[in-house]
K.L.:
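Before anything else, here's the structure in question.
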Amino acid sequence: MSYSVGQVSGFAGITVRTLHHYDKAGLLSPSDRSPAGYRLYSDADLSRLQQILFYRELGFPLDEIATILADPQANALDHLRARHRLLNDQISKLQRLVEVAEQAMEVQQTGVELSPEERFEVFGEVTFDLTYATQAHLKWQHHENYQRSMARAAGHSKEDWAQIMAEAADWRLRLTAAFDAGEPADGERAMDLAEEHRQHIARWFTPCPTDVHGRIADGFVTDPRAFALAVPPTEQRPGLAPYLRTAVHANAVRRSPADDA
């Protein structure tokens, strides 16, 4: 069967102008012409067009596609391997750009008003996951404690954040030491560390009664992004998040409601 340029354009989802360009470039010339001189494409032409569109989707330039189609058995695999490497490189570059964009948006989401350089200097690898911050904002934006916490975070200076992170780093060292030493999660040492974490939140962000602290600790187990805010991935151990949760709940049991202030 033969197909007009308009029909092929409809089949392939490309413009007539593109088909004319392929013809002019010698990449896809119709096999026949109508008595009036109009282009007519055969089934073989459509098969070749499919190959062209496949390579175009992968980003091949037209001259390289022409080279591949001239001797597909000899050239296609090498060209595809090269394109595969290039695409992976592009994916890596795009991923880095995505991370930069997320870091820029992150400042707006978390309320921490530091420059990117200051944030890197202060926070290091302890970072706010953008999706986690966004979900937290949507879920808790009208909650008084959340609003208070964000307001206090926004009001902290670079020096405040440096002190916050130094306290947190020291606490993490003692937490992982207790865990590595096999201290029981419901023992005095672990519960004291849990209480220290609760007081740290209350001192720098928002009042943190034991029931609230328990919900935070539950999040450490159910959402790795939440636990990464407390313990960076490079410092984590398997089982550390449940260990901390157990310590937090054990600490709540040993305390009286009056102690939550």
Side-chain angles (χ1 to χ4, degrees), residues 1-110 115-117 119-120 123-138 223-226 228 232-234 236:
M1 293 183 65
S2 295
Y3 307 92
S4 70
V5 67
Q7 288 175 311
V8 174
S9 171
F11 295 156
I14 58 177
T15 66
V16 171
R17 183 176 180 179
T18 297
L19 288 168
H20 288 174
H21 179 65
Y22 289 170
D23 187 5
K24 185 177 180 180
L27 190 61
L28 178 66
S29 297
S31 298
D32 201 2
R33 295 268 178 171
S34 71
Y38 294 112
R39 295 174 173 85
L40 293 175
Y41 294 84
S42 67
D43 288 335
D45 295 334
L46 293 183
S47 178
R48 182 179 177 90
L49 177 58
Q50 285 182 323
Q51 295 179 69
I52 293 169
L53 295 179
F54 167 74
Y55 289 117
R56 285 296 288 158
E57 186 69 20
L58 292 176
F60 282 92
L62 294 183
D63 57 348
E64 193 170 353
I65 295 175
T67 300
I68 296 171
L69 295 182
D71 189 0
Q73 295 301 320
N75 291 287
L77 186 57
D78 289 341
H79 284 275
L80 285 169
R81 283 173 175 162
R83 179 58 50 172
H84 182 266
R85 289 192 295 270
L86 178 61
L87 288 172
N88 276 326
D89 289 342
Q90 292 174 340
I91 289 170
S92 297
K93 291 177 182 177
L94 288 172
Q95 184 59 46
R96 287 194 292 272
L97 288 174
V98 167
E99 291 169 0
V100 169
E102 287 183 347
Q103 290 169 5
M105 291 186 289
E106 180 182 293
V107 174
Q108 303 300 319
Q109 293 287 351
T110 62
S115 70
E117 293 79 9
R119 289 174 64 79
F120 182 80
F123 292 109
E125 65 171 311
V126 181
T127 57
F128 293 93
D129 184 287
L130 178 65
T131 57
Y132 181 74
T134 301
Q135 290 170 4
H137 177 73
L138 293 174
D223 194 333
R225 301 170 302 176
T234 56
Q236 293 178 14

K.L.:
Please examine the side chains of V5 and H20, heavy atoms only from C-beta on, and report whether any two atoms are closer than 4.5 Å.
P.N.:
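In contact.
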
K.L.:
Closest heavy-atom contact between S2 and Q7?
P.N.:
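Here S2 and Q7 meet closest at O-OE1, 4.2 Å.
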
K.L.:
Could you pull out the closest heavy-atom pair between R48 and L27, with the gap in Å?
P.N.:
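Shortest heavy-atom separation between R48 and L27 comes out as NE-O, 2.7 Å.
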
K.L.:
Specify the closest pair of heavy atoms between I14 and L49, including all atoms of both residues, with the distance to one decimal.
P.N.:
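Heavy atoms of I14 and L49 come nearest at CD1-CD1, 4.1 Å.
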
K.L.:
Determine whether more than 12 heavy atoms belonging to other residues, nucleotides or ligands lie under 6.0 Å from atom OH of Y38.
P.N.:
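Atom OH in Y38 is not packed in, count stays at 12 or less.
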
K.L.:
Which pair of heavy atoms, one from S29 and one from D23, lies closest together, and at what distance?
P.N.:
OG-OD1, 3.0 Å

K.L.:
If you apply the rule side-chain contact (heavy atoms from CB on, under 4.5 Å), what do you find for L80 with F60, and how did you get there?
P.N.:
CA-CA 9 Å; L80 285 169; F60 282 92; 4.1 Å; yes

K.L.:
To the nearest 0.5 angstrom, please state how far the CG atom of L62 sits from the CG atom of L69.
P.N.:
10.5 Å

K.L.:
Using side-chain heavy atoms (C-beta onward) and a distance below 4.5 Å, is E57 in contact with L53?
P.N.:
no

K.L.:
Rounded at 0.5 Å granularity, tell me how far OH in Y55 sits from CD1 in I68.
P.N.:
5.0 Å

K.L.:
Could you tell me which non-hydrogen atom of R83 sits nearest to which non-hydrogen atom of P61, and how far apart they are?
P.N.:
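Nearest pair, atom of R83 first, then P61: NH2-CD, 3.6 Å.
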
K.L.:
Using a cut-off of 6.0 Å, state whether more than 12 heavy atoms not belonging to H84 lie near its atom NE2.
P.N.:
no

K.L.:
Closest heavy-atom contact between L40 and R33?
P.N.:
CD1-C, 3.7 Å

K.L.:
Are any non-hydrogen side-chain atoms of V8 and D45 less than 4.5 angstrom apart?
P.N.:
no

K.L.:
Is the backbone N or O of D63 less than 3.5 Å from a side-chain atom of T67, with the two atoms forming a donor-acceptor pair by type?
P.N.:
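Yes: the side chain of T67 pairs with the backbone of D63.
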
